[in-house]
Every structure is written in C-alpha cells, then in structure tokens.
Amino acid sequence: MKVIIVGGVAGGATAAARLRRLNENAQIIVFERTGFVSYANCGLPYYISGVIEDQEKLTLNTPESFWDRFRVDVRTRHEVINIDTANKTVTVRGLDTGKTYQETYDKLLLSPGARPVTPRMPGLDSSRLFTLRTVEDTLKIKQFIEEKKPKSAVVVGGGFIGLETAENLHAAGIDVTLVELLDQVLTTLDFDMASFIHSALRSKGIKLRLRSEVEGFNDTENCLRVNIKNSEPINTEMVVFAIGVSPDTSLAKAAGLELGIKGSILVNEKMETSAKDVYAVGDAVQIKHMITGNPALISLAGPASKQARVAADNMNGGNSRYKGSPGTSVLKLFDLTAASTGITEKAAKAAGYDYEKIILSPPSHATYYPGAKTMTIKVIFEKSTLKILGAQIVGYDGVDKRIDVIAAAIALGASATDLMDLDLAYAPPYSSSKDPVNMAGFIIDNIATGKVKQFHWDDIVNLPRDGSVILLDTRTPSECSRGIIDGFINIPVDDLRERIDELDRNKPVYITCQVGIRGYIACRILEAEGFDVYNLSGGYRFYEAVMKEKCLSRETYPCGADKN
C-alpha cells in the first residue's frame, strides 16, 4: 500500500507515525510545503520573547528523524498542486527547483491546515507587517525584532495567537497595542468572563482597543500607520496580523471534493472525504460539535491528532470513528490562565437552548495552605435535562485541571449535577475537600431542586428602585465601604436573623454578597421565614469586574456601582 500525506504538523505527522506502527510494509510519503514537517505550532509565540530559547526546540521531528524512526519519506519544500482522484495521482512541485512530477497513491490523506485570514485592504505588503502561523513566520518576526529593535507593536486580533503574541512582544520589551473588532477578546469566553482577561492585559500595560476596525496600513519613513475606522490612527513600528484562520482547501476544491461550512472539507466519522480512498484531518475539515451536534470548525491540535489516528486506522483497513469535539482549550496570559469547553452562553442563546448558568469563585486549593488563589468558574447547562453545555474558567493555579474534569464529564455524558459526585483528588496544596468542580455541582443541584433562585449581573440594571423590591447586600460594612451596587442596603449576614423584622415579607428580596456564599446562606435564612429570595450569581466581585470593564470600554451602559 502506498500512502500520500499532504501536510505535516499535528495531523499529517501524527497520521504518518500511526500508520507505520500499524503497517510496517506501507510506503508512506509526506509532502510539506514549508521547511518543517513536525513543529510545535502552539509554541511559536514563545520563541519571539525568548521563553523558548533554542530554535531547534520548535521542531519536534525532522525529515531525517522521521526516516530513521519510521521509514517515512518526508519531502519538505514540496507542494501538492493537483489531485486526480479518478486516476489516483497527485502532482507535486518542488519549491526550490520549480520542477513538477506525479506520484500515484493507494490512499491519500489531506492535512493542509488553515491559512491566516488577511482581508483585502491597503498596505498588507508592508515589510513591517507579519502573520504568525509557521516556523518561518516566527523566524521573520524574531529577525525583525533583533535587527530593527522596535519599541512599539500593534497586534490585530484578540484570539489565541493574538493574545499570546501580545504577551510575548511585551515580554521582549515592546510597547504593545492590541486592536480587536469585537467588544471582547477570546470569543471562546463570554464577555463577562473575558472581562478578567481585559483587566489582566491593561494591568500589564498593554493598550486595548476594542470595537476597532482596521481599514488599512500606510508605510512612512519610520513607522507603519494603522488606520482605524472612525478613530485616530496608530503609529507603530511593526504589526502582527492575527484575526483568525480559514480552512486551506483550495486543493480539495479543485479536486472536486465535497465541501462543508466556510469551504471546509466534508468528512464522515471515519475521516473519509467524498472521494474514494481520500481522507482529510485537521483545521481544514468540518467536524461535529460534541455539544450541539452541528457542523463545526475547531482549529486545535488535540482534535487534529485524534482525527489523524482515526484516519490512519481506517486507511489500514480498520473501523475507527471520530466522535467530535467540545472544543476544549486553555490559554496562558502572563500569570493568568483562561480555559473553556463546550459552548458559550452567547452560543447557547443563539442555538435556542433553555439554559441556566452559575458563577462561582472558589480558591485553587485549601485556603489554610499558603498560596491559594481565586478562580472564577462559569458553567452553562440545559434546564430540563441538566446537560452540561459548556464551562469557562479564569484564574491561576488549577484552572487546566478543572476544565479537563468538566470536559471529561461532557464526553462521558455526565449531567451537571453529576459534578458534585465526582471523587477528585484532595490534598491541601492541590485542592479542597470540596473541589471547585464539586462546588459547581452543589450549586447546580441547589438550583435544580429549588433550594435557591438566582439573578445575574445583567439583570441588575432592570431591578426597580422604587421600593417595590428589597435590594440587600449581606457583606460587612467594611466591604461595602469599598463599593456597593446602587440601591442596595447593607445588613451583614451574621446580623440578619436579629434584624429580619427590618424587611418587608411581602416584597421580593434580591441578595448579594462578595462571591455568592453568604448570599446563599441569607437566602436560606429568609426563605425559612417566608420571603421570596434571589441570590446574585457570582456576587459583587463578579458584578464589579464586569461593570468596570463595560465602563472602561466606553459602552453605553450604566455602571451601577457607587464608590463611597
């Protein structure tokens, strides 16, 4: 059996290695148009700052090591320019020689990946403008920084690559401005959770320009001018364009393969395309989203590697199937970690789910052990079925551990209340006896069983201030002196039983505390006395963080917090 693989990195390189482990006699040829077949794509930004010092560390395997270990014929700087599925041939061009030739195949795997999105606009040919997708891209940026020693940079785009690039340019001593078209960075999070990312960026001195549309660039003698629609231009010494990627499927389209959403390659669960004996994996393919069951594009290395394993199995006569992905991801940003799995609240609303959400702010480990830090967790679930729709976590230590637990629960079909029953490892340096994931389950169970009712930060603006409802803050007077929501009165939870007669039992009570725990206790106290009570999800801490960001981003929205 002769197998041709188009493209390396997570998809193609993984498939080649798996296929060899399954079949010692197959002839395997990998064509890769760049100079590197297997590299740490996700590590590229960290070479810019010098966190990864050795360029060779970016390369996981070379053509020579692939041959020595797996007897796979890797041909870098070779581009497949045509596929003839009827005659089972590919046409290849050597990029260094310009010569073309044909190779036959029995099985063909496409792993072309994705290309950086670069919309048509003036100035994209500037030598000061870069994209970041390949090792060569990284080397160009690194060389420019070493030779030109820029003092300023603009990063266009607030996704994973944009944020990581902004962090590493900052670490290289460069003044960074991040420009994003939307009202938030990192759309794998909802705006409320992204508020913590915005705050972290600003605290490090990165200028954040949200809702800013780049219209083009103008080269001047000493700088590159970034033109912003309806705003002042930004003068900078370099620009990294990172507004996203799109499936690189021109070759598949020309070959007549059936395409899916956004021009992606359509595949089945076995990673088979519409052409016989042609498979496809990675960023270029349409897959099934594990939560919604809808077609999706998920440009992550983990799914690509799993798809490659499935494709290799099936090319060798197996019957493996890819089950889809919830899109689990994690990002390091300075000392902060942001992670998510499943769909956002925004996506749940757009899909028509009848959902509920919870916010909690637990410590990363037992608070009596030094170093515990607060994380913020948001879990979205379907009301009727308690199906977990998604989760988002922003914090410091232990964020990746908790998102992985919830991702595993999703994959195994656990309900949102099943989270409270998970038996998770505990020792004071690592967790608490009630792990943050368990705590999420407890809160959801309280909601599902009617022990507590909630309201959310975006409900507060619509709460009446005419005396028809009671707005109650159960924090200490000292805490309230540092900030309290407009219209709320303060009765500390520890004094509530003695002061309960100050409250009208005929009026609904909306309660807040710092993070939600004391508010829940107050709800139970008042409900036992016949009150109709609601607890603010996430408490004042979460509300303040979101509203502060809304005010900073100049959104027309009342801040709602009085600073005494």
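Atom OH of Y430 sits in a sparse spot, with 12 or fewer heavy atoms from other residues, nucleotides or ligands closer than 6.0 Å.
Within the structure, salt bridge (Lys or Arg N to Asp or Glu O under 4.0 Å) contacts touching residues 257-274 (residues at least two apart or in different chains) are E269-R321. Sorted by first and then second residue, the side chain to side chain donor-acceptor pair (under 3.5 Å) pairs with a member in residues 439-451 read N446-Y520, T449-K451; sequence neighbours excluded.
Salt-bridge annotation for K373 and D335: absent, with no side-chain N of the basic residue lying under 4.0 Å from a carboxylate O of the acidic one. Using a 4.0 Å cut-off between charged nitrogen and carboxylate oxygen, E167 and K204 do not count as a salt-bridge pair. Classification of K453 and E527 as a salt-bridged pair fails, no side-chain N sitting under 4.0 Å from a carboxylate O.
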Test side chain to side chain contact (heavy atoms under 4.5 Å, CB included) applied to V281 and T14, step by step:
CA-CA 10 Å; V281 300; T14 298; over 6 Å; no
Stepwise, does the side chain to side chain contact (heavy atoms under 4.5 Å, CB included) test hold for H456 with D459?
CA-CA 5 Å; H456 303 289; D459 296 322; 3.7 Å; yes
Stepwise side chain to side chain donor-acceptor pair (under 3.5 Å) check, S415 with D418: CA-CA 5 Å; S415 73; D418 286 335; 3.2 Å; yes
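A perpendicular orientation is assigned to the rings of H198 and F191, their planes being inclined by more than 60° (bins at 30° and 60°). Using a 30° and 60° split on the angle between ring planes, F488 and F455 fall in the parallel class, below 30°.
In this structure, the side chain of S325 engages the main chain of G327 through a donor-acceptor pair within 3.5 Å. Between the R518 side chain and the D473 main chain, no donor and acceptor come within less than 3.5 Å of each other. Distance alone, capped at 3.5 Å, places no donor-acceptor pair between the N535 side chain and the Q454 backbone. Remark: side-chain polar atoms of R402 are paired, donor with acceptor, to backbone N or O of S364 under 3.5 angstrom.
Just one residue in the list E544, R541, R475 forms a side-chain hydrogen bond (donor to acceptor under 3.5 Å, both in side chains) with Q514, and that residue is R475.
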Atom pairs and distances, side-chain donor-acceptor, residues 386-399, under 3.5 Å, sequence neighbours left out:
unit_1 : atom_1 : unit_2 : atom_2 : d
K387   : NZ     : I291   : O      : 2.7
Q392   : OE1    : D190   : N      : 2.8
Q392   : NE2    : D190   : OD2    : 2.9

